Amino acid sequence: MGGHNSVQFSGIPQGKGPHAVGSMDFMSGPSNQGSFFRLYYPCAEAGHYEEPLWIPRKEYYLGLADTLKLNRFAVNFFLCYYFGSVKSPARWNAPFKPGEQYPLIIFSHGLGAFRTLYSAICIELASQGFVVAAVEHRDRSASATYYLQEKSPSDPGEPGGPTLEEVWLYNKILKAGEDEYPLRVQQVNQRAEECIRALDIILNFNAGKHTANLLPSDFDWNLLKDSIDVQRIAAVGHSFGAATAIKSLGRDSRFRCGVALDAWMFPLKDEIFSNIRQPVLFVNSEKFHWVNNILLMKKMESTSIERKMITIKGAVHQSFPDFTFLAGYMVGKLFKLKGDIDPYVAMDIINNVTLAFLQRHLDLHKDFNQWDALIDGKGEFVMPGTNLDLPPAESEIPQ
């Protein structure tokens with residue numbers, strides 16, 4: 001992997017857009033029926049603000065160990081050593097930048113991930129003038145997450161101390177022989193509801209209606225009033241999160257379009273896709289997919305609604321989360337965190353094609369259409385449709 005310093009040298013890329021980017025955490029509740037998300041947003045440039053830790057709590061290391069089915073102590077030591085001081089390149093709790101209405105993206109993480117692991121994507125989108133809420137799901141698909149609940153009367157704690165306590169939830173690991181599908185259906189439904197709940201909360205802030213944040217923060221939510229463009233909202237996600245984004249489109253027409261990054265379609269295998277009327281872009285890696293997964297995507301083909309699919313050559317499933325920037329060559333290959341394509345080149349493609357598609361379907365007046373060719377799979381490292389050989393009866397999604 002290289003020494004500890006080499007991790008710092010690589011790092012998660014900064015946003016390339018014209019806006020400075022702030023981030024903060026929001027949790028409503030108490031109970032696990034509330035909402036939990038990290039907000040990325042255009043922020044004021046003045047003032048000095050710390051960058052947050054990329055992985056904020058040790059419990060997330062423990063959850064990653066469980067997800068990987070590895071020893072907690074060993075993984076905690078390894079990840080803390082290499083990643084414990086890695087920062088996310090955003091200004092923590094910096095003031096929101098008012099003065100215009102920003103489009104809104106609700107972002108859903110993959111299985112075994114959590115709200116902070118896609119900061120390269122979320123920060124780039126925020127730097128280009130989007131507000132992005134990266135939801136942390138409580139369906140036990142995250143490697144770890146938590147909620148706050150009222151302390152029980154039998155454990156009052158110190159007089160005058162905190163009245164809420166943390167309850168941690170870890171990734172539900174299937175038992176040997178257990179049918180996976182019912183769990184994933186239940187989870188994808190809960191995940192979609194959590195995305196819609198986050199959307200409701202942010203639009204309430206936009207309307208001047210406040211929901212209390214249970215986490216300590218001096219972030220001024222009043223600055224969000226009238227700063228969200230309620231006609232320009234999209235759902236984006238990776239893997240299980242891509243399936244969640246698609247599910248959310250069918251649940252709520254306020255989402256104008258969706259971007260599915262390396263979608264894991266298994267939880268949607270019985271979905272009635274005709275109920276989904278919004279445009280969708282599938283951005284696939286070359287190494288993740290199998291025929292049945294692609295065929296489920298192709299069930300969304302339409303002659304009247306734009307449905308696009310591209311494949312990034314040399315990319316792997318982990319080309320989308322931040323780990324791809326932080327692992328050295330050997331560890332990156334061993335754990336399939338790196339593909340054959342340079343991770344920064346892959347991330348530029350992911351972000352640029354997403355921006356181009358969002359401009360097209362949210363009617364944005366930006367210059368993201370400079371990347372329109374990527375939507376059609378045109379470019380050195382992309383191809384239209386899929387790299388897999390499909391049954392003869394199956395044609396490609398129209399390009």
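Model, not experiment: these values are computed from the prediction.
In this model, a donor atom of one side chain and an acceptor atom of the other lie less than 3.5 Å apart for Y60 and R115. No side-chain N or O of N387 forms a donor-acceptor pair with one of H289 less than 3.5 Å apart. Side-chain contact, S141 with Q187: no donor N or O sits under 3.5 Å from an acceptor N or O.
Grouping the Ile, Leu, Val, Met, Phe, Trp and Tyr side chains by contacts below 4.5 angstrom, directly or via other members, places V167 apart from F26. Linking ILVMFWY side-chain heavy atoms closer than 4.5 Å, directly or via other members, places L104 and L223 in a single hydrophobic cluster.
A cation-pi arrangement is present between K269 and Y181 under the rule of less than 6.0 angstrom and at most 45 degrees off the ring axis. R191 forms a cation-pi arrangement with F240, by the criterion of a distance under 6.0 Å to the ring centre and an angle within 45° of the ring axis.
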Open item on the list: Checking K313 against E380 for the salt bridge (Lys or Arg N to Asp or Glu O under 4.0 Å) test, could you report, in this order, the C-alpha distance in whole Å, the side-chain angles of both residues, the deciding distance, and whether it holds?
Closed with: CA-CA 9 Å; K313 300 174 185 177; E380 181 180 0; over 6 Å; no

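Smallest separation of non-hydrogen atoms from V185 and P267: CG2-O, 4.0 Å. Closest approach of L249 to I276, counting heavy atoms only: CB-CG2, 3.9 Å. Heavy-atom minimum distance, F114 versus S143: CD2-OG, 3.2 Å. The shortest heavy-atom contact between T324 and S319 is CG2-O, 3.9 Å. Nearest heavy atoms, S217 versus N93: OG-OD1, 3.1 Å. Contact detail for P18 and Q128: the closest heavy-atom pair is CD-OE1, 3.8 Å.
For W168 and Y146, the ring centers sit closer than 6.0 Å to each other. Separation of the F96 and Y102 ring centroids falls under the 6.0 Å cut-off. You'll find the ring centres of F83 and F323 inside the 6.0 Å limit. For Y40 and F130, the ring centers sit 6.0 Å or farther from each other.
No side-chain heavy atom of L296 sits less than 4.5 Å from a side-chain heavy atom of F266. In this structure the side chain of D322 never reaches within 4.5 angstrom of the side chain of T116, judged on heavy atoms. In this structure, T163 and K151 have side chains that are not in contact, with every pair of non-hydrogen atoms separated by 4.5 Å or more.
Shown here is I173, whose CD1 atom has more than 12 heavy atoms of other residues, nucleotides or ligands within 6.0 Å. More than 12 heavy atoms of other shown residues, nucleotides or ligands fall within 6.0 angstrom of atom CZ in R72. Within 6.0 Å of atom CG in N275, more than 12 heavy atoms from other residues, nucleotides or ligands are found, so the atom counts as buried in its surroundings.
Test N293, I294, I310 against N284 for side chain to side chain contact (heavy atoms under 4.5 Å, CB included) and you get one pass: I294.
Taking N351 as the reference, nothing meets the side chain to side chain donor-acceptor pair (under 3.5 Å) condition, with sequence neighbours excluded.
Residues K247 and E271 are paired through a salt bridge, judged by an N-O separation under 4.0 Å between the basic side chain and the carboxylate. Between E45 and R91 there is no salt bridge, since none of the side-chain N atoms of the basic residue sits less than 4.0 Å from a carboxylate O of the acidic one.
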